[in-house]
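Here's the structure, in structure tokens; my notes come after.
Convention: sequence-line order gives letters A, B, ...; per-chain numbering from 1.
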Amino acid sequence: MSEEQVKNLEKQFEERIARDEKIEPKDWMPEKYRQTHIRQMSQHAHSEIVGMLPEGNWITRAPSLRRKVALLAKVQDEAGHGLYLYSACETLGISRDELYEQLHSGKAKYSSIFNYPTVTWADMGAIGWLVDGAAIINQVPLCNTSFGPYARAMVRVCKEESFHQRQGYEIMIKLMNGTQEQKDMAQDALNRWWWPSLMMLGPTDAESVHTEQSMKWKLKRKSNDDLRQQFIDQTVPQADLIGLVIPDPDLKWNEERGSHDFGEINWDEFWQVVKGHGPMNKERMKARVGAWEGGEWVRDAAMAYSEKQQERKEKEAI
Amino acid sequence: MSEEQVKNLEKQFEERIARDEKIEPKDWMPEKYRQTHIRQMSQHAHSEIVGMLPEGNWITRAPSLRRKVALLAKVQDEAGHGLYLYSACETLGISRDELYEQLHSGKAKYSSIFNYPTVTWADMGAIGWLVDGAAIINQVPLCNTSFGPYARAMVRVCKEESFHQRQGYEIMIKLMNGTQEQKDMAQDALNRWWWPSLMMLGPTDAESVHTEQSMKWKLKRKSNDDLRQQFIDQTVPQADLIGLVIPDPDLKWNEERGSHDFGEINWDEFWQVVKGHGPMNKERMKARVGAWEGGEWVRDAAMAYSEKQQERKEKEAI
Amino acid sequence: MKENLYKYILGIADNSLILGQRMGALTGHGPSLETDIACTNISLDLFGQVRSYYQYAAKIAGDKRTEDDIAMLRQEREYLNVLLVEQPDTDFAYTMARQFLFDVYHFLFLTELQKSTDLTLSAIANKSIKEVSYHQRFSSDWIKRLGDGTEESHKRMQTAINDLWTYTDELFHQTDADKAMISEGIGVDVSKLKEAYYKKVSDILEESTLEVPESKYFQKGGKQGIHTEHMGYILAELQYMQRAYPNMEW
Amino acid sequence: MKENLYKYILGIADNSLILGQRMGALTGHGPSLETDIACTNISLDLFGQVRSYYQYAAKIAGDKRTEDDIAMLRQEREYLNVLLVEQPDTDFAYTMARQFLFDVYHFLFLTELQKSTDLTLSAIANKSIKEVSYHQRFSSDWIKRLGDGTEESHKRMQTAINDLWTYTDELFHQTDADKAMISEGIGVDVSKLKEAYYKKVSDILEESTLEVPESKYFQKGGKQGIHTEHMGYILAELQYMQRAYPNMEW
């Protein structure tokens with residue numbers, strides 16, 4: 001293709017996006033669009049899969065059967081989200097094995113929040129309420145993103161996430177209506193998850209690298225700082241309502257802005273965790289790589305069996 | 001050596017034993033004597049080592065610090081007994097690796113009692129009281145056995161075993177002085193360990209294969225049935241004293257014999273377990289073989305390091 | 001309180017509880033995302049069944065006992081599950097073999113339980129059997145894939161089947177509660193399921209190029225509450241929260 | 001009750017409790033009978049120390065609390081051990097690396113604690129330091145054997161050291177209880193042990209042909225009761241009997 005032809009295609013492509021048309025896998029797209037989507041969708045998929053681990057940690061110890069069932073269902077949903085998202089990625093011409101390889105080698109990222117440990121049952125509440133809450137704020141705008149398979153996956157994911165978020169909040173309510181020990185447990189979980197949740201919405205706009213291009217492609221519709229503000233303004237009253245105290249002495253309502261002012265985020269911690277030095281980064285990767293490598297003989301067997309079955313069918317067909 | 005010379009040596013050998021002289025590793029001995037001792041001492045050593053597992057199972061869950069310390073010390077003593085006994089075996093010209101190989105391949109036996117699971121804390125009491133109790137009855141006569149290293153090892157082992165036995169009985173006393181739950185736990189443990197303990201003293205005399213020769217060599221001084229009777233007569237009053245009921249409806253004092261009559265032992269179960277089909281045979285061997293195979297690289301490293309150190313010393317000496 | 005009915009229900013439900021607990025522990029660690037989802041789903045189904053059974057048991061107990069008390073506040077000797085379901089996940093072959101050896105039984109059992117004169121039990125059976133039919137298909141498929149897959153997978157699956165075989169006979173032992181419930185038309189006579197079970201299991205093993213073990217020696221004890229050494233560790237986790245924070249609501 | 005002294009004692013004793021628990025779990029599973037005996041012995045020594053500390057803590061608490069209540073009836077967030085001691089026994093290299101990285105600290109710490117103006121603490125330190133000196137010799141020897149043994153053992157030991165290194169810095173963090181006790185002449189200023197520690201550790205690593213990790217990133221939290229995900233499972237076993245059978249004597 002001549003340079004001009006490419007430019008022309010690009011122009012038509014950008015116009016389609018501007019008209020809110022969906023881009024589908026078989027449509028022409030700029031290479032960078034493809035790469036950016038693979039990066040973002042796979043990062044999202046990896047986050048779902050790694051995100052199973054901190055919650056999976058409490059399945060055997062859930063305090064009631066009802067909670068155990070709900071937790072199992074939630075973690076299963078996350079696996080399901082991972083599955084759609086990997087499939088959406090695959091429509092862009094990359095295999096799931098390659099995506100795993102990127103995760104396991106550390107080339108691909110996943111949400112840093114999953115590098116914190118789940119140390120009490122209340123963390124199941126905090127994760128649902130805060131982590132899924134922040135995720136929804138990130139993800140709702142993606143239901144209208146330009147790439148069709150991603151947008152459709154997001155519609156389904158967001159519906160389930162908001163169910164999970166209510167469920168998490170409900171765990172917190174129950175704890176706050178319980179004994180002093182339970183209240184302390186809930187408050188302690190909020191203390192530990194609050195700041196990492198704010199960090200989940202990404203670095204400050206000044207430090208954020210992909211924003212401009214992503215805005216254009218509707219991979220992003222608000223800046224990180226705006227999303228963070230939205231999250232805080234939404235969450236603070238929820239905490240107040242059930243008697244939880246946000247662990248930020250600088251937090252206060254700013255009448256003028258109609259928003260909460262809040263304290264400074266420890267970005268050193270953020271970057272430490274992103275770079276692989278959080279409390280659980282090594283453990284999480286050990287678990288994922290361990291599952292993958294330990295499962296190799298199983299996948300090989302399934303493949304061999306399926307080939308044998310195919311051969312048998314072919315022989316019978318002759 | 002001529003046949004006559006050998007006969008002569010054998011005669012002198014038997015006379016030494018009859019005079020209660022100790023046979024030492026460097027003395028001449030009949031090959032069968034050597035083999036029998038390797039078999040019996042290694043079986044005894046293996047029993048100590050495998051016997052660490054059922055009790056080791058409760059170390060992390062001991063109900064008090066005092067009990068945890070006592071249990072650790074006890075299991076450590078068992079490892080120590082294993083160590084002396086393997087060493088005593090080695091004086092007869094067999095290596096510890098060969099002995100392990102015999103254990104792991106199933107060629108060598110160990111006490112069948114360790115193929116039962118330890119399912120409650122009370123089992124720590126029952127094992128000390130009953131299993132160590134039966135072991136002592138088996139072993140006390142061996143303090144005067146003809147082979148010097150074995151006899152000396154047994155003196156030390158018996159001293160420690162009788163400490164363990166008192167400790168086990170003391171666990172039972174404490175339980176029987178406790179709540180109803182604790183009493184039930186103690187009774188339940190007795191119910192499960194009583195019959196296997198009786199079986200520990202070996203098959204009935206009619207079925208026992210090695211007895212006659214072993215008597216001559218003082219590897220055995222009483223028949224299995226006599227030892228069993230001694231164990232029962234000793235243990236029944238101990239049970240009575242603390243309110244435990246021996247789980248044998250046929251048990252009763254026989255005034256005439258001055259001994260207890262008792263019910264029939266389920267020898268089918270005994271042989272099933274001996275043949276490798278008890279509740280825990282596979283698990284026990286899996287644990288031992290796993291430790292051994294998993295530790296190979298460690299032993300190799302220690303060997304390599306020690307060779308390197310030796311080389312360095314030699315170089316320095318030049 | 002109807003002691004026999006209560007015990008009978010526990011005898012059924014405890015199997016699902018412990019197997020569900022085992023399967024739930026694997027979540028996030030499966031050999032592929034698809035199997036991970038399926039295993040979690042099996043766990044979920046089993047715990048769903050468990051809740052129905054224990055809720056019914058709590059009603060029969062008629063005191064303050066809740067489903068969670070029954071699930072998490074008994075001592076080890078009071079759990080009545082068979083030894084099979086508490087066996088460890090040595091590798092994925094063991095996990096699938098355990099599941100398969102239980103599923104085939106479970107399906108036959110529920111088929112009969114649907115005919116129970118106890119309407120609650122027959123309703124639970126009726127609801128559960130669809131799930132269990134799916135479990136059985138899933139685990140059978142894996143027996144075939146691993147049995148007739150690679151040399152390594154064949155070896156591993158044969159080892160797992162050989163090891164777990166020893167726990168199958170107990171499935172067909174009658175307890176006293178069983179006998180009482182059979183006589184009332186409520187309970188299933190498990191001894192009558194044995195032939196169909198070994199037939200079905202053998203067929204699938206053979207189709208999977210696996211040998212049917214011939215051992216005559218079997219383990220038992222679970223139905224009398226005498227478990228293997230794994231059970232204590234399972235319960236330590238299962239009961240952790242209820243024990244550490246007694247009398248609270250979650 | 002002297003709150004700071006009480007917390008200070010727990011901060012010391014909990015390390016030995018959790019490390020002792022980890023080492024005790026290995027009994028019967030060691031790579032050789034001799035190492036098995038030695039590891040069991042380390043566990044035994046540590047639990048002996050733990051008893052002295054908690055008995056003293058119980059006295060200070062001055063209520064009905066016993067050594068066992070303190071050891072086994074706290075919630076996870078109330079245990080104050082460093083993260084290092086709760087790390088798992090991935091292989092024997094990890095076990096020895098964890099022991100070594102703790103022993104070097106432990107020896108330096110007890111050397112100072114012997115000078116405490118609190119006579120009970122100095123007496124415990126005085127009694128314990130002989131044991132810990134032996135532990136340090138044992139674990140250092142294994143660092144050398146594995147570091148300078150075979151290629152495989154070298155690699156495993158380097159991996160273990162690299163992984164566990166991230167938990168060493170926390171050993172030298174001062175807690176509030178530390179500060180209060182230092183000012184009273186009771187406590188040890190751990191921050192002053194840091195240099196000697198890294199010097200000693202580095203010397204032995206170098207002698208063992210191992211690289212001294214250069215990471216600047218460290219983990220913390222244990223001293224504030226925020227543990228790794230391993231801790232809950234350790235406690236589930238440690239507390240099992242006391243939780244399942246409350247208020248009984250053993």
Is A/M185 in contact with chain C via its backbone, its side chain, both, or neither, using a 4.5 Å heavy-atom distance?
side chain

Does any non-hydrogen side-chain atom of C/F47 lie less than 4.5 Å from one of A/L71?
no

A quick test of your reading: do over 12 heavy atoms of other residues, nucleotides or ligands sit less than 6.0 Å from CD of C/E78?
yes

Can you see which heavy atom on A/A301 is nearest to which on C/L146, and at what distance?
CB-CD2, 3.7 Å

In this structure, are over 12 heavy atoms from other groups packed under 6.0 Å from C/K200 atom NZ?
no

Considering only heavy atoms and a distance below 4.5 Å, find which of C/R243, C/H154, C/R156, C/E151 pairs most often with chain A.
C/R156

Quick check: do A/W297 and C/F92 have side-chain heavy atoms less than 4.5 Å from each other?
yes

One option among A/E296, A/Q309, A/M303, A/R96 has the most heavy-atom pairs under 4.5 Å with chain C, and it is A/R96

Name the region of A/I171, side chain, backbone, both or neither, that has any atom closer than 4.5 Å to a heavy atom of chain C.
neither

Distance-only, no hydrogens or angles: does the A/Q182 side chain make a donor-acceptor pair with backbone N or O of C/E249 under 3.5 Å?
yes

Using non-hydrogen atoms only, which part of A/V298 is less than 4.5 Å away from chain C: side chain, backbone, both, or neither?
both

Is chain C contacted by the side chain of A/R288, its backbone, both, or neither, given a heavy-atom distance below 4.5 Å?
side chain

Can you tell which part of A/L65 gets under 4.5 Å to a heavy atom of chain C, answering side chain, backbone, both or neither?
both

Provide the closest heavy-atom pair for C/L33 versus A/G82 in the form atom of the first, atom of the second, distance.
CD2-C, 4.1 Å

Are there over 12 heavy-atom neighbours, none belonging to C/Y233, within less than 6.0 Å of that residue's OH?
yes

Leading residue by heavy atom contact count with chain C [cutoff under 4.5 Å; candidates A/G294, A/A73, A/G290, A/S64]
A/S64

Relative to chain C, which of A/A291, A/P63, A/G295 shows the most heavy atom pairs under 4.5 Å?
A/P63

Shortest non-hydrogen contact between C/T150 and A/A304, atoms and distance:
CG2-CB, 3.9 Å

Largest heavy-atom contact set with chain C, pairs under 4.5 Å, which of A/K174, A/M52, A/R299
A/K174

Under 6.0 Å from the NZ atom of A/K308, do we count more than 12 heavy atoms belonging to anything else shown?
yes

Of the listed C/E152, C/Q242, C/R51, the one with the largest count of heavy-atom pairs under 4.5 Å with chain A is C/R51

Toward chain A, the part of C/A93 with a non-hydrogen atom under 4.5 Å
both

Closest non-hydrogen atom pair, C/D148 against A/R312:
OD2-NH2, 3.0 Å

Per-residue contact mode, A/L83 against chain C (heavy atom under 4.5 angstrom)
both

Report, one line per pair, each donor and acceptor closer than 3.5 Å where one atom sits in a side chain of residues 17-30 of chain C; sequence neighbours left out.
residue : atom : partner : partner atom : Å
C/Q21   : OE1  : A/K68   : NZ           : 2.7
C/Q21   : NE2  : A/T60   : O            : 2.8
C/R22   : NE   : C/E86   : O            : 3.2
C/R22   : NE   : C/Q87   : O            : 3.2
C/R22   : NH2  : C/E86   : O            : 2.7
C/T27   : OG1  : C/G24   : O            : 3.0
C/T27   : OG1  : C/T40   : OG1          : 3.2

Does A/R67 reach the main-chain N or O of C/W250 with its side chain, forming a donor-acceptor pair under 3.5 Å?
yes

Is C/N247 in contact with chain A via its backbone, its side chain, both, or neither, using a 4.5 Å heavy-atom distance?
neither

Is it the case that the side chain of C/D36 and the backbone of A/A79 share a donor-acceptor pair, with hydrogens and angles ignored and the cut-off at 3.5 Å?
no

Run C/R145 and A/D300 through salt bridge (Lys or Arg N to Asp or Glu O under 4.0 Å) and show every step you take.
CA-CA 10 Å; C/R145 284 196 198 101; A/D300 288 349; over 6 Å; no

Using modelled atom types and a 3.5 Å cut-off, is there a donor and acceptor pairing between side-chain atoms of A/R61 and backbone atoms of C/Q239?
no

